[in-house]
Protein chains: 4
Amino acid sequence: MKKTQYSLKKQPLQKRSVFLVNSIKEAATRILKEKGLEGFNTNVVAEYAGVSIGSLYQYFDCKETLIAEIKREHFAQLRGFFREAQENLVTNDLKELVDAFIEASVKGHQVDPILHKVLSQDLVDFGLKEKDNPDGSILSNVKAALLAYQNQLRPNLDITTAAELVYYLVEKTVHEAIINEQESTKQLAIISELKKVVLSYLRDD
Amino acid sequence: MKKTQYSLKKQPLQKRSVFLVNSIKEAATRILKEKGLEGFNTNVVAEYAGVSIGSLYQYFDCKETLIAEIKREHFAQLRGFFREAQENLVTNDLKELVDAFIEASVKGHQVDPILHKVLSQDLVDFGLKEKDNPDGSILSNVKAALLAYQNQLRPNLDITTAAELVYYLVEKTVHEAIINEQESTKQLAIISELKKVVLSYLRDD
Amino acid sequence: MKKTQYSLKKQPLQKRSVFLVNSIKEAATRILKEKGLEGFNTNVVAEYAGVSIGSLYQYFDCKETLIAEIKREHFAQLRGFFREAQENLVTNDLKELVDAFIEASVKGHQVDPILHKVLSQDLVDFGLKEKDNPDGSILSNVKAALLAYQNQLRPNLDITTAAELVYYLVEKTVHEAIINEQESTKQLAIISELKKVVLSYLRDD
Amino acid sequence: MKKTQYSLKKQPLQKRSVFLVNSIKEAATRILKEKGLEGFNTNVVAEYAGVSIGSLYQYFDCKETLIAEIKREHFAQLRGFFREAQENLVTNDLKELVDAFIEASVKGHQVDPILHKVLSQDLVDFGLKEKDNPDGSILSNVKAALLAYQNQLRPNLDITTAAELVYYLVEKTVHEAIINEQESTKQLAIISELKKVVLSYLRDD
DNA sequence: TATGAATGAGACTTCATTCAT
DNA sequence: TATGAATGAAGTCTCATTCAT
């Protein structure tokens with residue numbers, strides 16, 4: 001069903017229903033990873049979850065809501081990594097910020113690279129409330145951080161543009177590195193280089 | 001139909017059949033852009049193309065082959081831009097190479113940003129023969145170019161890693177800039193900064 | 001569940017259960033009016049009634065029984081109007097009878113024209129015990145009344161046929177007039193004419 | 001699917017498709033009669049028709065359209081009877097008009113009384129284009145006829161009201177007589193009396 | 001070779017009813 | 001007795017593909 005808001009019909013409150021909803025979400029995640037969006041259908045999800053199709057629709061009013069919910073949770077987790085990273089900074093050195101930021105991105109992409117890839121596809125962006133929107137939120141984080149470190153940035157850097165550029169650079173490069181590189185040394189090499197790229201861009205040294 | 005090789009059942013040879021196959025591909029492209037993968041189905045394609053569904057299956061043995069063919073052509077065009085760019089270089093300055101390379105990417109993404117986005121989704125990678133794989137091929141181009149310009153690169157740069165990194169940086173950043181930024185000045189600003197990023201990374205100045 | 005007898009599983013005896021059964025019937029009535037038979041389902045009824053679906057099935061063994069019960073009550077009310085009308089006659093003039101009879105019908109149809117329309121549809125006639133059958137009962141009323149007024153009827157009128165005819169004339173015409181005519185003056189005009197029709201038919205004046 | 005216009009997706013043109021569409025309509029009619037609206041579903045219709053479900057949806061875009069189509073045809077046939085009746089009048093006696101009109105109604109109701117009853121239910125009135133609307137059209141016929149016979153009507157008869165009343169009287173009484181009376185002599189008796197009722201109402205004799 | 005009607009598996013979703021708590 | 005989570009049969013509709021003409 002095409003909608004503009006995809007949210008749970010009712011929140012699971014009892015222990016039992018929490019378990020049920022989790023089973024469904026786990027099964028859905030598994031199928032999304034194993035078979036992609038194409039192979040995803042509510043009947044298979046219910047079967048994998050060991051739950052009746054009716055129970056699935058008790059909590060998720062349509063297929064899209066189920067996917068939206070998984071997307072929401074996945075990206076909430078990613079945002080958490082960025083928040084943590086910022087909270088744990090010990091110096092106010094720009095390099096530490098950049099490194100921490102990139103490490104947070106790596107951590108996020110390592111949680112479940114395949115799921116991440118599937119969920120990064122276009123579908124079902126709608127149901128995400130503004131503040132939940134993964135890109136929007138992380139991007140504004142980046143911008144805020146750059147403002148705070150402005151004195152360490154190269155002069156005449158347009159911060160809005162820089163924030164977007166840095167965000168794209170990091171997010172997409174990390175994504176590709178983790179998806180495409182099987183050898184972890186290669187991954188590490190790319191990540192390491194990426195840190196240099198970003199830092200030298202911001203400082204222009 | 002799930003396969004590992006998606007290719008035309010037979011090559012159109014007669015003038016008439018070339019026209020038919022083209023009509024189908026144009027219609028398919030249009031639908032992919034207008035309705036995405038979700039809204040894509042062979043019956044609608046045939047109708048849009050003003051062709052019978054039977055004729056469609058005369059040349060395309062299944063839905064996936066049709067999409068694969070469009071993907072193949074689109075990315076072949078992109079590769080063409082890179083080749084051209086390299087052929088048209090007039091100096092052997094690294095800066096010119098980087099600029100040309102990024103401009104080629106921009107040109108490629110501007111051909112049809114929406115189609116590009118749809119085709120960049122996961123589906124139907126299979127049917128692309130090794131040498132047709134867009135990423136693989138452009139990536140090896142980049143590596144070859146860097147080797148040729150090795151004397152202008154910063155010392156102890158691992159060229160394999162650098163090639164991949166540069167490829168990801170450029171490809172993904174350009175993609176995001178063109179898809180997400182509505183104002184062309186903003187696009188230009190990001191592209192312009194990107195050139196600096198890449199060059200300063202390679203030269204380490 | 002298809003049955004031939006639709007009746008309550010058990011009579012509500014406690015104050016509490018009477019209230020519960022009434023809540024359910026009110027909710028069911030409301031839904032029948034607002035959404036018609038199509039939009040009627042036991043889960044929604046229970047929700048509207050603020051009662052658990054389990055409780056609903058405690059008293060109504062299936063969906064049909066619930067509808068049958070509402071139908072039964074609605075038509076019992078209608079029959080009440082006819083009984084009252086006859087009891088309140090002051091003269092033994094045939095005209096008074098006819099007028100009173102038609103007014104009773106009008107009153108019945110005005111109670112809830114929309115509900116009446118929904119309940120007049122075919123469904124669930126079964127569960128109505130003979131003596132509850134609205135048509136049967138009112139019809140026999142009419143016949144009895146005509147017999148009592150036989151001396152004022154035109155000679156050689158077949159009373160059985162006349163009773164049925166009069167019943168159909170009144171019931172259906174009033175129904176249509178009230179359902180279809182939005183202006184009350186038009187309704188009144190039709191009702192008024194109807195009285196003349198019936199009277200002149202019976203008296204043949 | 002809820003819509004406001006229920007019409008065929010495409011007109012059957014070939015012999016084969018005409019046959020197909022007819023098979024489907026016949027099957028649908030049969031099911032409507034045998035099982036009512038409740039028992040009506042597209043799978044059963046297709047099965048009865050010996051046709052695949054896909055073929056059904058080739059011509060009927062949804063269940064409702066199929067029902068609307070049957071309703072449309074049935075009522076078109078009824079209107080035909082009224083038109084014929086008027087065309088075949090030999091005198092300009094009001095009595096002949098009334099008799100012919102009632103006979104047309106009887107004929108219409110005898111075509112398929114059970115189907116008529118099912119189709120007279122509320123559902124799916126929408127798709128009928130104005131001029132196809134059975135009630136609207138016959139009613140206006142009645143009014144036109146009365147105007148033409150105005151000199152034979154009782155003075156100060158409001159023709160609009162009279163037309164509606166006569167229409168309700170005849171339509172509903174005939175309907176009930178044919179549906180409810182199993183003995184044909186009883187039916188004939190009621191019909192015969194009905195003619196008197198209508199005539200005496202219009203002439204007030 | 002072209003056509004497009006026909007097919008039918010299978011996806012989504014609803015809702016009457018049950019039953020463990 | 002009340003609850004409401006859970007069930008799953010059944011209904012609507014789509015769309016990739018085939019095949020008779």
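Hydrogens, waters and symmetry mates play no part in the numbers below; they use all other heavy atoms, side chains included. All chains are named by letter (A, B, ...) in the order of the sequence lines, taking the proteins before the strands, and each is independently numbered beginning at 1.
In terms of modelled atom types and a separation under 3.5 Å, the side chain of A/K9 and the main chain of A/Y57 share a donor-acceptor contact. Checking side-chain atoms of D/S17 against main-chain N and O of D/L20 turns up no donor-acceptor pair under 3.5 Å. For C/S23 (side chain) and C/F19 (main-chain N/O), a donor-acceptor pair under 3.5 Å exists by modelled atom type.
For the pair A/K9 NZ and E/dC15 C1', the computed distance is 11 Å after rounding to whole Å. In this structure, CG of C/N43 is placed 6 Å from P of E/dA16, rounded to the nearest angstrom. If you measure from atom CD of C/E47 to atom C1' of E/dC15, you get 13 Å, rounded to the nearest angstrom. Atom OH in A/Y59 sits about 21 Å away from atom P in E/dC12, given to the nearest Å. If you measure from atom CD of A/Q58 to atom P of E/dA16, you get 14 Å, rounded to the nearest angstrom. Atom CD of A/E64 and atom C1' of E/dT13 are 12 Å apart (whole Å).
Checking the phosphate oxygens (OP1, OP2) of E/dG8, no side-chain nitrogen or oxygen of D/S52 falls inside 4.0 Å.
Scanning DNA chain E for stems, defined as runs of 3 or more consecutive Watson-Crick or G-U wobble pairs whose donor-acceptor distances all fall under 3.5 Å, gives the following ranges: E:2-21 with F:2-21.
Taking the nucleotide of DNA chain F with the nearest heavy atom to each of D/V44 and B/T42, the more 5' of the two is matched to D/V44. Nearest-nucleotide positions on DNA chain F place A/G54 closer to the 5' end than the other of A/G54 and B/I53. The nearest heavy atom of DNA chain E to B/R16 and to C/F40 marks one nucleotide each, and the one closer to the 5' end goes with B/R16.
Cation-pi geometry between A/K10 and A/Y59 is met: the NZ or CZ atom falls under 6.0 Å from the ring centre, inside 45° of the normal.
No contact: A/F60 has no heavy atom under 4.0 Å from any strand. Looking at heavy-atom distances under 4.0 Å, B/L20 makes no contact with the nucleic acid at all.
Environment of CD in C/E47: sparse, with no more than 12 heavy atoms of neighbouring residues, nucleotides or ligands closer than 6.0 Å.
From C/T29, atom OG1 reaches atom CD1 of C/I70 across 4.0 Å, with rounding to the nearest 0.5 Å.
A nucleotide of DNA chain F counts as in contact with chain B when one of its atoms lies under 4.0 Å from a heavy atom; the first and last such, 5' to 3', are F/dC15 to F/dT18.
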